[in-house]
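One structure is given below, encoded as structure tokens.
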Amino acid sequence: MLGVESRSFVGLRAPLAPNLPQQVAVFGLGNRRQDAPNDALPLVYSDDPVPLTSVSQATALWGTGSMLQIIASKLLPNIGSLPVTVYPTVQSDGLAVRAEVVIKLGLKNTSGLSPNALTFRVISGGVAAPPRFIPPGQTDLQLLFVLAVEIIVSGDTGPLPIQFGSIVAGGVRCPTKWEGSSGNGMRTEIEVLSGDDGAFDIVSDSSTGGSGGPTLFSTLDNIGQKWETLIVNGFGPVATDVDGGTYIDAIKDWGDDRWDVNEPRPAMVVSGYNVETPQAAFPVTAPHQSDRTNVLMNVPGSIDLFGGIAASAVAEIAKRAQDDPPRDYTRTQLPDLIPIEALQFFSYADRTVSVDHGVATVLNVGGVQALGDVVTMNVTLDGFRDGVDIVKLQNIIYRIRLIFESEEWEGAPLVPDEQRIATLSARKPKDAVAAIAREVQALALDAILSNPESAIDSVSASIDGANPKRLNVSVTVQLSGNVGIVSVDLNFGLTFS
């Protein structure tokens with residue numbers, strides 16, 4: 001049983017209210033076009049919220065291959081007509097260092113020539129460049145130059161989130177297109193499409209060395225009283241700002257305030273991750289054992305951008321929460337993510353231990369990543385673990401708020417139950433009890449609640465003894481469950497003639 005008491009509400013409305021309209025937000029670095037040359041930063045943007053309607057809009061504002069453009073490409077194609085708002089942060093120049101990666105395409109026999117043709121492509125942060133063909137007979141240095149030119153073409157002015165930096169002893173050095181620690185962990189791969197017979201020396205790796213980044217304080221303030229229900233954290237789960245604090249720490253503090261009884265507007269904020277063992281994710285969630293806001297969506301071995309993983313998950317969760325809020329998200333496919341290898345998916349035991357430590361999981365459904373257990377990082381507070389239960393609570397809060405904030409109750413005279421009245425606008429505690437009871441029945445019909453009779457029996461309302469302008473209402477509800485584990489006893493026998 002989960003008790004929900006709202007002391008700030010002062011009214012009720014008719015049952016069968018609409019469900020909470022889902023509104024999606026994005027946190028990400030968006031201060032300037034990232035495809036501009038490093039020494040030519042011509043455009044600087046404010047941190048004003050931006051309603052996002054298309055990938056082309058994100059490209060025009062923040063540049064191809066930017067954090068926010070990649071997130072938009074994963075989010076918008078699948079989210080339908082749900083509104084999306086970007087809350088961009090503004091980077092202070094000189095306070096952040098770009099992450100970078102060194103990749104290589106060469107020969108194992110550096111003094112020889114490539115024995116056959118090779119077709120390859122570069123994938124970085126989940127963005128794939130067009131395939132490139134290299135004829136046979138290339139030297140080790142020529143192959144390296146081909147790779148460098150490819151990064152210039154597909155990175156500096158193309159869709160990849162990396163740029164050409166320099167040719168170094170280990171290969172081609174490629175900084176990310178944006179500054180800060182949020183570039184750390186971004187995977188860049190050289191994928192061979194045909195022609196590799198073992199003669200080539202290919203090195204793929206993840207970006208490292210990024211540091212600093214903008215704080216989220218003004219970004220979170222810009223949300224104000226708007227109820228953003230699902231949010232993409234473009235910075236990822238381990239990035240830190242210029243002050244050394246993690247973004248998910250700031251999000252937790254903000255999220256706790258959104259559960260405040262006076263202004264309840266709870267949200268879920270999803271961060272993507274790609275560690276290949278359950279235990280590697282536990283240091284992220286361990287400090288957040290009572291965190292009802294942050295969701296760590298781990299896709300083991302993924303080469304998608306952390307923000308891209310989060311965006312793909314949020315798109316599917318938001319659609320389900322809009323159309324069928326009490327239904328869970330298990331086996332909902334994430335088609336915009338680059339598929340991972342079958343062996344990279346966690347076993348049932350690994351998924352179980354992940355959930356027990358506050359890490360959301362994915363499943364292998366026909367070779368495509370699909371949502372598994374969508375859970376918050378919370379492992380200590382009953383009722384605040386499963387993402388679908390957060391959505392149910394959001395809807396209960398919203399529908400009760402609609403009742404209390406209706407014209408029928410706003411500012412109405414409040415008198416005791418036993419008092420006789422002639423004023424039609426006056427309200428009594430028993431009117432609140434009746435309205436709550438009707439809403440409980442409606443929530444039960446929508447399968448958001450179970451056992452409505454018990455909830456109705458628990459409803460109480462009274463005028464506060466110290467403040468005649470305050471109506472105290474209480475109701476204890478039981479959230480509906482979801483089909484997650486099905487245990488079937490199969491009995492059989494043999495028939496002998």
Side-chain angles (χ1 to χ4, degrees), residues 1-9 12-13 15-22 227 229-230 255-256 258-261 264-270 289-295 316-332 355-356 358 360-361 371-404 433 435-460 473-487:
M1 299 289 287
L2 174 65
V4 179
E5 183 176 3
S6 301
R7 297 188 176 90
S8 64
F9 299 150
L12 294 171
R13 47 140 233 115
L16 299 175
N19 292 319
L20 172 64
Q22 293 297 307
W227 196 341
T229 56
L230 281 161
D256 286 345
R258 305 293 278 194
W259 284 99
D260 183 80
V261 296
R265 292 180 176 87
M268 281 195 295
V269 183
V270 180
Q289 294 189 359
S290 62
D291 190 333
R292 300 169 287 181
T293 303
N294 278 299
V295 174
E316 300 305 325
I317 294 170
K319 286 189 299 183
R320 176 66 58 81
Q322 177 73 19
D323 298 335
D324 195 1
R327 188 168 186 176
D328 204 357
Y329 319 108
T330 303
R331 303 184 69 82
T332 303
V355 171
D356 289 343
T361 63
L371 295 172
D373 296 289
V374 177
V375 296
T376 66
M377 296 183 185
N378 165 64
V379 295
T380 61
L381 300 174
D382 291 339
F384 296 101
R385 185 191 76 164
D386 293 296
V388 67
D389 289 341
I390 300 296
V391 171
K392 292 172 188 175
L393 286 169
Q394 286 177 329
N395 276 276
I396 294 169
I397 292 169
Y398 173 73
R399 288 166 67 157
I400 292 177
R401 284 189 61 176
L402 284 183
I403 295 170
F404 288 136
V433 171
I436 286 286
R438 291 195 301 270
E439 192 59 58
V440 165
Q441 291 174 328
L443 288 163
L445 287 172
D446 288 339
I448 292 173
L449 296 184
S450 293
N451 197 4
E453 295 80 8
S454 175
I456 291 171
D457 289 343
S458 75
V459 180
S460 65
V473 181
S474 176
V475 58
T476 300
V477 301
Q478 178 182 337
L479 299 182
S480 60
N482 292 92
V483 178
I485 299 174
V486 179
S487 178

Side chain [X], main chain [Y], donor-acceptor under 3.5 Å:
X      : Y      : value
Arg258 : Arg265 : yes
Arg292 : Ile390 : no
Thr361 : Val355 : no
Ser458 : Thr476 : yes
Thr332 : Leu371 : no
Ser454 : Asn451 : no
Arg320 : Asp328 : yes

For [X] versus [Y], what's the shortest heavy-atom pair and its separation?
X      : Y      : result
Gly383 : Asp389 : O-CB, 4.0 Å
Pro326 : Ser480 : CB-OG, 4.4 Å
Gln289 : Thr380 : O-OG1, 3.0 Å
Ile397 : Trp227 : CG2-CH2, 4.0 Å
Ala442 : Arg399 : CB-NH2, 3.6 Å
Asp256 : Thr293 : N-OG1, 4.2 Å

May I ask you to check whether over 12 heavy atoms, not counting those of Arg327, lie within 6.0 Å of atom CZ?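 Incorrect, the count does not exceed 12.
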Could you state the interatomic distance from CG (Asp291) to OG1 (Thr376), rounded to the nearest 0.5 Å?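 Going from the CG atom of Asp291 to the OG1 atom of Thr376 covers 6.5 Å.
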Distance in Å, Leu443 CG paired with Ile448 CD1, rounded so as to fall on 0.5 Å steps: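 Nearest 0.5 Å value for the CG-CD1 distance: 5.5 Å.
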Given Lys392, which of Asp386, Asp446, Asn482 fulfils the side-chain hydrogen bond (donor to acceptor under 3.5 Å, both in side chains) condition? Asn482
So if I apply the side-chain contact (heavy atoms from CB on, under 4.5 Å) rule between Ile396 and each of Val475, Leu20, Leu449, which one comes out positive?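 Going through Val475, Leu20, Leu449 one by one, the side-chain contact (heavy atoms from CB on, under 4.5 Å) with Ile396 is satisfied by Leu449 alone.
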Report the residue from Val379, Asp373, Val374, Asn378 that forms a side-chain contact (heavy atoms from CB on, under 4.5 Å) with Arg385.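 Among Val379, Asp373, Val374, Asn378, the one meeting side-chain contact (heavy atoms from CB on, under 4.5 Å) with Arg385 is Asn378.
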Between Thr229 and Gln22, do the side chains contain an N or O donor and an N or O acceptor separated by less than 3.5 Å? yes
